[in-house]
Amino acid sequence: GAKKSSAKRAQRSTSNVFAMFEQNQINEFKEAFQLIDNNKDGIIDKEDLRMTFDALGRIINDEDLQSMMVEAPGPITFTMFLTIFGDRISGSDPEEVILNAFKTFDLNNTGKINEAHLKSSLSKWGEKFNKEELEDAFGEAPHDADGLLDYNAFTRLITRGKDDDAA
C-alpha cells in the first residue's frame with residue numbers, strides 16, 4: 001500500500017500521548033475502552049475489569065485484578081489507558097523474546113550466528129529492512145574472531161544498553 005510499514009513511530013511525549021498513535025489506532029483504543037468501561041463513567045475500575053473478564057468467560061481473582069489496577073498511577077481514564085499501552089509498545093521486546101528470535105538462526109546452538117545470513121533474511125521476509133536500517137541495527141553488533149555475531153552479547157546491548165558489561 002501507500003503507507004510504509006516501516007514508518008517511524010511517533011516520538012514519545014508525556015504531554016501528548018495521542019501523538020504516539022495514528023488516528024485509526026486511537027479510535028480502536030477508544031472502542032476497546034468503551035467496551036471495558038461497563039458502567040460508562042469514563043473510568044475503568046476493578047469492577048469494569050471483572051465484568052469484562054466475566055463476559056469473556058474467564059474467571060479472574062481479586063489479586064490478579066488488583067495487580068492490573070496498580071499498573072496505572074491514578075484513575076484509568078481514556079488518556080491513562082492510552083498511556084499504559086503507549087508505555088508497553090514503546091519499549092523494546094523483553095530479552096527472552098529477542099534471544100529466542102536469534103536462536104532460530106543458531107542451528108548448532110553455539111550462541112553465534114552468521115550475520116550475513118541474518119541480514120539477508122531480514123531484508124527478504126516480514127517487515128523488510130532496507131540497507132540503511134540493517135546498517136543501523138547491526139552497527140555495534142559484537143562479533144567473535146571468526147566474524148560470527150555473538151547474539152547473547154548483542155541482545156544485552158539491545159535491551160540494557162552500552163554501559164551494561166554484565167555477562
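Sequence positions, counted from 1, serve as the residue numbers for this chain.
Ion pairing between Lys112 and Asp146 fails under the 4.0 Å rule for side-chain N and carboxylate O.
At least one side-chain heavy atom of Arg50 sits less than 4.5 Å from a side-chain heavy atom of Leu65.
Residue Lys46 is tested with Met68, Met51, Gln66 for a side chain to side chain contact (heavy atoms under 4.5 Å, CB included); the sole match is Gln66.
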Could you walk me through whether Val17 and Thr79 pass the side chain to side chain contact (heavy atoms under 4.5 Å, CB included) test, one step at a time? CA-CA 7 Å; Val17 68; Thr79 303; 3.9 Å; yes

Going through the checks in order, is the ring pair (Phe, Tyr, Trp, His ring centres under 6.0 Å) test met by Phe29 and Phe33? CA-CA 6 Å; Phe29 280 123; Phe33 181 88; over 10 Å; no

Check against ring pair (Phe, Tyr, Trp, His ring centres under 6.0 Å), Phe85 and Phe21: CA-CA 10 Å; Phe85 278 95; Phe21 300 103; 8.1 Å; no

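No donor-acceptor pair closer than 3.5 Å links the side chain of Asp54 to the backbone N or O of Thr52. With hydrogens and angles ignored, the 3.5 Å screen pairs no side-chain donor or acceptor of Asp150 with any backbone N or O of Pro142.
The two residues Ala72 and Met80 make their nearest non-hydrogen contact at CB-CG, 3.9 Å. Residues Phe102 and Leu118 share a closest heavy-atom pair of CE2-CD2, 3.6 Å. Between Ala137 and Phe129 the shortest heavy-atom distance is CB-CE2, 4.3 Å. Closest heavy-atom contact between Ile26 and Phe78: O-CZ, 3.8 Å. Taking each heavy atom of Leu149 and Ala141 in turn, the nearest pair found is CD1-CB, 3.3 Å.
For the atom pair Thr104 OG1 and Ile113 CD1, the distance stands at 7.5 Å (nearest 0.5 Å). Atoms CG and CG, from Asp37 and Asp45 in turn, are 7.5 Å apart once rounded to the nearest 0.5 Å. Taking OG of Ser123 as the reference point, atom NZ of Lys131 lies at 11.0 Å (rounded to 0.5 Å). From Ile76, atom CD1 reaches atom CZ of Phe81 across 8.5 Å, with rounding to the nearest 0.5 Å. In this structure, Leu134 CG and Glu115 CD are separated by 9.0 Å, a value rounded to the nearest 0.5 Å. Here the CE-CG distance, from Met69 to Asp48, works out to 8.0 Å after rounding to the nearest 0.5 Å.
A donor-acceptor pair shorter than 3.5 Å can be found between the side chains of Lys124 and Ser120. Gln23 and Asn27 are linked by a side-chain donor-acceptor pair at a separation below 3.5 angstrom, with hydrogens and angles left out of the test.
When the side chains of ILVMFWY residues are joined at heavy-atom separations under 4.5 Å, either directly or via intervening members, Phe138 and Leu148 end up in two distinct hydrophobic clusters.
Between Phe105 and Tyr151, the ring center distance fails the sub-6.0 Å criterion.
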